[in-house]
There are 4 protein chains.
Amino acid sequence: MHEIDLKNFNTRSDLVVDLFNLDEASDKIKVKKKKNKDINIIDVELLEDNKELGKKKGKYITISFSDVTDTVNYNNVRDVVVSSLKEMFSYLKIKDDWKCLVVGLGNDQSTPDALGPLVVKDILVTKYLFDLQDIEVEKGYRNVSSFSPGVTGVTGLESALVIKGIVNETHPDFLIVVDALLSSSIERINKTIQLTNTGIAPGAGVMQNRKEITENLLGIPVISIGIPTVIDLITIVRDTIKFMMRQFSYNKDNIKKNSRKLAPVTSINYLEHDESLTKEEKEKLLGMVGVLSDEELKELIFEVLTPIGFNMIVTPKEVDFQIEKLSSLMASSINKALHQNNKV
Amino acid sequence: MHEIDLKNFNTRSDLVVDLFNLDEASDKIKVKKKKNKDINIIDVELLEDNKELGKKKGKYITISFSDVTDTVNYNNVRDVVVSSLKEMFSYLKIKDDWKCLVVGLGNDQSTPDALGPLVVKDILVTKYLFDLQDIEVEKGYRNVSSFSPGVTGVTGLESALVIKGIVNETHPDFLIVVDALLSSSIERINKTIQLTNTGIAPGAGVMQNRKEITENLLGIPVISIGIPTVIDLITIVRDTIKFMMRQFSYNKDNIKKNSRKLAPVTSINYLEHDESLTKEEKEKLLGMVGVLSDEELKELIFEVLTPIGFNMIVTPKEVDFQIEKLSSLMASSINKALHQNNKV
Amino acid sequence: MHEIDLKNFNTRSDLVVDLFNLDEASDKIKVKKKKNKDINIIDVELLEDNKELGKKKGKYITISFSDVTDTVNYNNVRDVVVSSLKEMFSYLKIKDDWKCLVVGLGNDQSTPDALGPLVVKDILVTKYLFDLQDIEVEKGYRNVSSFSPGVTGVTGLESALVIKGIVNETHPDFLIVVDALLSSSIERINKTIQLTNTGIAPGAGVMQNRKEITENLLGIPVISIGIPTVIDLITIVRDTIKFMMRQFSYNKDNIKKNSRKLAPVTSINYLEHDESLTKEEKEKLLGMVGVLSDEELKELIFEVLTPIGFNMIVTPKEVDFQIEKLSSLMASSINKALHQNNKV
Amino acid sequence: MHEIDLKNFNTRSDLVVDLFNLDEASDKIKVKKKKNKDINIIDVELLEDNKELGKKKGKYITISFSDVTDTVNYNNVRDVVVSSLKEMFSYLKIKDDWKCLVVGLGNDQSTPDALGPLVVKDILVTKYLFDLQDIEVEKGYRNVSSFSPGVTGVTGLESALVIKGIVNETHPDFLIVVDALLSSSIERINKTIQLTNTGIAPGAGVMQNRKEITENLLGIPVISIGIPTVIDLITIVRDTIKFMMRQFSYNKDNIKKNSRKLAPVTSINYLEHDESLTKEEKEKLLGMVGVLSDEELKELIFEVLTPIGFNMIVTPKEVDFQIEKLSSLMASSINKALHQNNKV
C-alpha cells in the first residue's frame with residue numbers, strides 16, 4: 001500500500017470478491033458463503049489463474065464485518081479469523097510442528113500503514129526458546145518468529161528480498177504476512193479481511209513494480225492477510241454516485257409499494273436493495289454522468305481530480321483507534337491459530 | 001474538531017473567506033488581499049457582528065498555501081504567519097512585555113487532532129524563569145507559558161473552563177490558542193491557516209454545545225489559530241461534483257477558443273476558471289443533481305451517505321507527516337512572533 | 001520528582017515508613033501492619049504534625065511488594081491498592097456520590113516521570129456524561145474527571161496553581177493525585193506505593209520551592225499516591241555499603257551457628273537479618289567509612305560524587321516496561337475504587 | 001546489550017581503552033591520542049589478536065566528550081565522529097562508490113536500548129533511487145540502505161542471521177552497525193563512542209552466546225559503533241569506592257601542599273589526580289574493602305547485591321532526552337561521512 005504513485009493511478013481491487021461474479025456456476029471457481037453472527041465469510045477457490053483480472057489459482061477467504069470496537073463483536077470476528085486461518089492451514093497441509101515466520105509489511109511511522117508492524121509487536125514468539133539447547137518448550141506451542149521489514153522508501157531495501165534473505169538464513173516452514181490495503185469501496189474500509197495463499201505485493205492495489213512475496217519466490221507456503229485501511233477520493237465519489245442511484249431506485253420502488261415516506265431518513269438502509277433504474281431514469285437523475293459504465297465513471301472522476309492535485313488517498317479520522325483494534329485482533333487471531341495452547 | 005456528532009451534521013465553514021463575498025464593497029467589512037510568493041493572505045475585518053453567518057466583529061486573517069514540506073516553502077509560509085501574528089498583536093494593541101499563555105486544543109492520541117498539543121510541545125516557555133526571584137531574563141524574551149487541556153471525551157472537563165481556571169490563577173495578559181478544524185473544501189485541507197481575535201469553539205465547524213474560548217469569557221484578548229486537517233465525505237463529493245461542472249465549463253470554453261484538446265489531462269488547471277454553464281448544460285451533464293443549489297446538493301449527499309453509515313470524516317493518508325510539519329511550523333512562528341530575540 | 005537541582009541535593013525520604021520508628025509505642029502515632037500474600041501494608045496515622053521530619057498529621061498507607069509483572073501478583077497488588085483507597089475514602093468520609101478529579105503529575109516525555117500522565121490516560125472518565133442534561137448515568141458510576149498539568153519546565157506553569165484553577169471552575173468534591181517519586185532505597189524502586197491525605201509536592205523528595213497540592217490549598221480532600229521510580233547514586237552506594245555490613249554480620253552469625261558455608265551465594269537472603277557488628281568489626285571491614293552514621297555516610301558520598309558531576313539520578317533499564325505495568329495497575333485500582341460497578 | 005542475564009554476570013568492558021595499558025610501548029599495539037576542543041580521541045590499532053582480553057586485531061577509535069546537549073558541543077563531537085568514520089573508511093580502503101548498509105541493533109520499545117533503531121530512522125537512504133532504471137542520482141550521494149533487525153527476545157530471530165540474509169540478497173559493499181552498550185564506568189555513560197572494524201556482538205559486555213556480526217560472517221567490511229547507555233550497580237559502587245580513595249589521596253596531597261581547605265567542594269575536580277595511597281592509608285579509610293584488587297572488589301559487590309536481587313542495570317533518569325540527542329548526532333555523522341554532498 002506504501003508510496004503510491006498517484007500519477008499512474010489505476011486501482012483495481014485486491015479483493016477477489018470484488019472482481020468475480022460469485023453467483024454464476026463455473027468449473028474455474030468454487031465458492032462457499034457462510035454467515036456467522038453478522039459476519040460474512042466468502043471462501044473462494046480459483047481452480048486456475050485468471051490473467052485478465054490478475055488473480056492466481058488458489059484460495060481466497062474474505063471476512064466482512066461491521067464493527068470490532070465492541071468487545072462482543074471483537075471476539076466474534078476473532079473466532080472467525082482463527083477458524084479461517086486453520087482452514088487455510090488445512091488447505092495448505094501445514095502441520096502442527098511446522099515453524100512459522102510472521103511478517104508485518106508497512107510503515108510504523110504512518111498510522112494507516114502501521115497495521116503490519118503493530119501486529120508483529122504482539123505476536124507470541126517462541127523461536128529463541130526452541131533454539132536454546134537445554135530447554136524443552138511446553139507442548140502446544142509452535143516455533144514462531146516475527147519480523148517487520150519496513151518500507152522501501154525508508155530502508156531503501158525491497159521487502160521481498162529482505163524476507164527472502166531471512167527465510168534463507170532462519171528456515172521457517174511457512175510464512176504469514178500481514179499488510180494494509182487500499183480499499184476498493186467505502187464499505188470495506190477497516191471492515192474486511194482477506195486471507196489468501198497466492199501471495200501479496202507490497203504496495204498492491206496500485207501499479208508498482210514491487211516484487212511479490214509468494215511461495216514461488218520463497219520456496220515455502222505463504223499465507224497473506226490484507227485489510228483495507230485507506231481509500232482514494234475517486235472511489236469515494238464513484239461509490240457515492242452509485243449510492244445516489246441505488247437510493248433513488250429504492251425510494252421509487254418503496255414509495256410505489258407501501259409509501260414509507262414518513263420513515264426518518266436515518267432508518268432506511270437501502271444498501272441491500274438492487275438498483276433497477278432505466279437508462280432514462282439514470283439520465284434524469286444524473287445526466288451524462290448517470291449513464292457511464294463503472295470504468296468510465298472512475299475515469300471521469302480521475303480526470304476531474306488529477307489535474308488539480310486532489311486525487312488523494314484518505315483514511316478515517318479515527319484511524320489511530322481503529323488500527324489499534326484491528327492489529328490487536330489480528331495478532332490475537334494469529335497467536336490462537338499458531339499455538340494450540342495459547343489462551344491470550 | 002473533537003467528538004463530532006454525525007447525526008446532527010450541518011457543517012458550516014469556520015473560515016470567513018468561505019462565507020462572505022469579499023469582492024463586494026461594504027461598510028460592514030474591510031478586505032485586504034496580498035500575495036507573497038504563491039501564498040495568499042486575505043485580511044478581513046468585520047465591523048459588526050453577522051448573526052446570520054455566525055461570525056463576530058473582529059479581524060480574520062486567512063493564509064493559504066500549496067505546500068510546507070519543502071524547506072523553502074516552509075520558511076516562506078512561516079514568515080507570513082509571523083507577520084500576520086504581529087499584525088494581530090498590533091490590531092489588539094498587545095505590548096512587548098505582555099505575558100502570553102499558548103493553549104493547544106485537541107487530542108494527542110488522535111493524529112489529525114493532535115495539532116494543538118504538538119504545537120504546545122515546541123513553544124519556547126519562559127514563565128518559570130521570570131518567576132524565579134534571583135534571575136534576570138535576557139532582553140528580547142517575553143513571559144510565555146503553554147498548556148494543553150486535552151479533550152472533553154478523555155478528561156471529562158470542558159476545555160473553556162480548564163483554560164479559564166488557569167488564566168485566573170496564573171494571570172497571562174493574552175492568549176494564543178491553536179486547534180485543528182474540519183475543512184470546508186478539499187482545497188483547504190492542511191493548506192490554510194486562519195487567525196482571528198473573535199474566539200474559537202472546541203469542536204467548531206459542527207453543531208456542538210461547547211463553550212467558546214473568547215475574550216468575553218476570559219477577560220483577556222484571545223488570538224485563535226485554526227488549521228483544517230480533516231474533511232467529511234459530503235464535502236468531498238460536493239466539491240468533486242462542482243469540479244466536474246467547472247472542468248466541463250473550462251473545456252467547453254477552451255475548446256471553442258483555442259482547441260487545446262491535445263494538452264495532457266494532468267497539465268490543465270481549470271480551478272481558477274469561473275464556471276459558466278447554463279441550466280441546460282448542467283442538466284445535460286448531471287441531470288437533476290446538476291441544478292441543485294449548493295445547500296440542496298449537500299443535503300442530498302447527506303441523505304445518501306447517512307442512512308448507510310458512510311457520512312465519515314477522513315484525513316489524508318500522509319496525516320502523520322503533514323501534522324508534524326504543520327505543528328512545527330506553527331510553533332516556530334509563534335516563538336518568533338512572541339520573542340523578538342528568538343532565532344529558532 | 002521533576003527538574004531536580006543536584007547542586008542543593010539533600011534528599012529525605014517521602015515515605016513515612018522510612019522516617020519513623022514504627023515499633024515504638026507512642027501517643028503521637030498509630031501503626032497497623034498487615035501482610036497479604038507477600039504484600040506488606042503499613043498503615044500509619046500521625047496524630048500531630050512532626051515538623052522535624054516534615055511530615056503532617058494524617059494517614060499514610062504504604063504498600064510494598066516484590067513484583068507486578070506476573071498476572072497473579074499484579075492482581076494481588078491491585079486488590080490491596082483498591083482496599084487501601086477505600087480505607088482512605090472511609091477515613092476522609094468521602095461519599096459514593098462525591099465527584100472526583102484524578103490528577104497525574106509528571107512529564108509524559110520522560111519515561112520514569114510519565115507515571116502520572118499514563119495513569120490519567122486510563123482513568124474511566126464520566127463527568128461529561130453527568131453534564132449532559134438528557135442522559136441518566138447508570139448506577140454504580142461516580143462523576144469522575146481527570147487531568148495532567150504537565151511539568152513546570154515544559155509549561156512554565158506551577159502545577160498547584162493549574163490544579164487550583166481547574167478545581168475552582170469544575171468543582172470536584174475530592175482529588176486523587178498520582179506522582180512518581182525519588183526512591184529512598186534500592187529496595188523500594190518500583191516496589192512501593194504510598195497513599196496519604198497530607199498532600200504532595202511536585203518535585204518532592206528534593207529541596208524545591210514548589211507549592212504543595214494540599215486540602216489546605218484547594219479546599220477539598222486530597223489523596224496523593226506516590227511511587228518511587230528513580231534513585232540517586234548516593235542512595236545506591238549508601239545502601240550497598242550497608243548491605244555489605246549486613247551480609248558480613250549475617251555470615252558471621254550463621255557460620256558460627258550452623259556453618260551454612262556451602263549454600264550458593266544466590267540462595268542466601270540476608271536482608272531480613274539484623275546487622276549486629278561491633279564498632280571494631282565495622283572498622284575492620286570498612287575502615288573510617290564503616291563507622292560513619294547514616295547521615296555522615298550520605299554526606300561523604302555526596303562530597304565524592306558531586307564535584308566530578310556523577311551525583312546522578314538513575315532508573316532501572318527496564319523502565320519502559322515497569323512504568324507501563326505500574327501505571328496500568330494504578331489506573332485499574334483507581335477505577336475500581338471510584339466506580340462500584342467497574343469491572344475493568 | 002539486550003536481555004542481559006544477571007545470574008551469570010561477569011562484565012568486561014567492550015572498550016579497548018579500558019582494557020589495555022595505552023602508555024606502554026609495544027610492538028602489538030599502536031596508539032595515537034588527540035584532543036580537539038575538550039574531546040579526547042584515542043586511536044588504537046591492535047596488530048594481533050589478544051585472546052586473553054577477547055579483543056581482535058584491528059582498529060579501535062574511542063571518542064570521549066562531556067556533553068552533546070549544547071549546540072556547539074554537539075557540532076564539535078559530530079565533526080570528530082565524521083572524521084573518525086572517514087579515517088576508518090580509509091583504513092579499510094572503502095571507496096566513494098561502495099554501497100553501504102547501515103544497521104541499528106537494539107529494541108525500539110526500550111528507551112536506553114533504542115539508540116540503534118533511532119539512528120536508522122534518520123539515515124539518508126538512497127538505494128531505491130539507484131535501483132530505479134530511469135533515474136540518475138545526483139553526484140556526491142552514495143548508494144545507502146538501512147535496517148533494524150529488532151531484538152531476539154521480540155522477533156525470535158538472531159540478529160546476525162537476519163543481517164546475513166539481507167546482505168546476501170541486497171549486496172552492500174560494507175556495513176555500518178550501531179548499538180547501545182553496557183558502560184564500564186560511570187564516566188563513560190552517554191559520553192563515549194567507540195568505532196571498530198572488529199565486529200560487534202549484540203548483547204556484548206555480558207556473557208551471551210550471541211553470534212557476532214563480523215566481516216568474517218558477512219564477507220564484507222563491518223564498521224561497528226557502540227555507545228554505553230546503561231550501567232550496572234556493581235560498576236557504580238566500585239567506581240564510587242575508587243573515587244573515595246582518589247579524593248582522599250587528592251585531599252591529603254593538596255592539603256599538605258597548599259592548604260586549599262577553603263575551596264567549596266563542588267569546585268574541586270580530583271578526577272585527574274592519580275591516587276597514591278599506601279596500603280595502610282587505604283585500610284584506614286576503607287578497611288578490608290580498601291585493599292581489595294579491582295576484580296576482588298567487583299566480586300565482593302556482586303556477592304552483596306546478587307542474593308538480594310539488586311544487581312540491577314540502570315540508566316540516567318534523562319535517558320529519553322539523551323538517547324534522542326545521541327541518535328540524532330550519530331545519524332547526522334553517518335550521513336555526512338557517507339554522502340559527500342550531504343549538508344544536513
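Lettering of chains follows the sequences in order, A, B, ..., and the numbering in each one begins at 1.
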Next item on the list: Kindly say whether Lys284(B) contributes a backbone atom to a donor-acceptor pair with the side chain of Glu283(A) at under 3.5 angstrom?
Entry: no
Notebook entry, point to check: How far apart are the closest heavy atoms of Gln247(B) and Glu303(A), and which atoms are they?
Noted result: NE2-O, 2.9 Å
Next item on the list: Quick one: list whatever passes side-chain contact (heavy atoms from CB on, under 4.5 Å) with Ile186(B), sequence neighbours left out.
Entry: Leu233(A), Phe310(A), Met312(A), Ile231(B), Ile236(B), Asp239(B), Thr240(B), Phe243(B)
Item checked: Option in Ile301(A), Leu300(A), Val289(A) with maximal non-hydrogen atom pairs under 4.5 Å from chain B -> Val289(A)
Next item on the list: Decide side chain to side chain contact (heavy atoms under 4.5 Å, CB included) for Asp320(A) and Gln109(B); before the verdict, give the C-alpha distance in whole Å, the side-chain angles of both, and the deciding distance to 0.1 Å.
Entry: CA-CA 7 Å; Asp320(A) 302 80; Gln109(B) 299 300 294; over 6 Å; no
Notebook entry, point to check: Do the side chain of Tyr270(A) and the main chain of Val304(B) share a donor and acceptor less than 3.5 angstrom apart?
Noted result: yes
Check: Contact part of Glu187(B) toward chain A, heavy-atom cut-off under 4.5 Å: side chain, backbone, both or neither?
Finding: both
Item checked: When Ile241(B), Val237(B), Val314(B), Val319(B) are compared by non-hydrogen pairs under 4.5 Å with chain A, the top option -> Val314(B)
Next item on the list: Could you tell me which residues satisfy side-chain contact (heavy atoms from CB on, under 4.5 Å) with Ser328(A), sequence neighbours excluded, listed by chain and number?
Entry: Tyr74(A)
Margin query: The test is side chain to side chain contact (heavy atoms under 4.5 Å, CB included); show your working for Lys317(A) and Asp113(B) and say whether it passes.
Written below: CA-CA 8 Å; Lys317(A) 177 182 182 294; Asp113(B) 200 9; 4.3 Å; yes
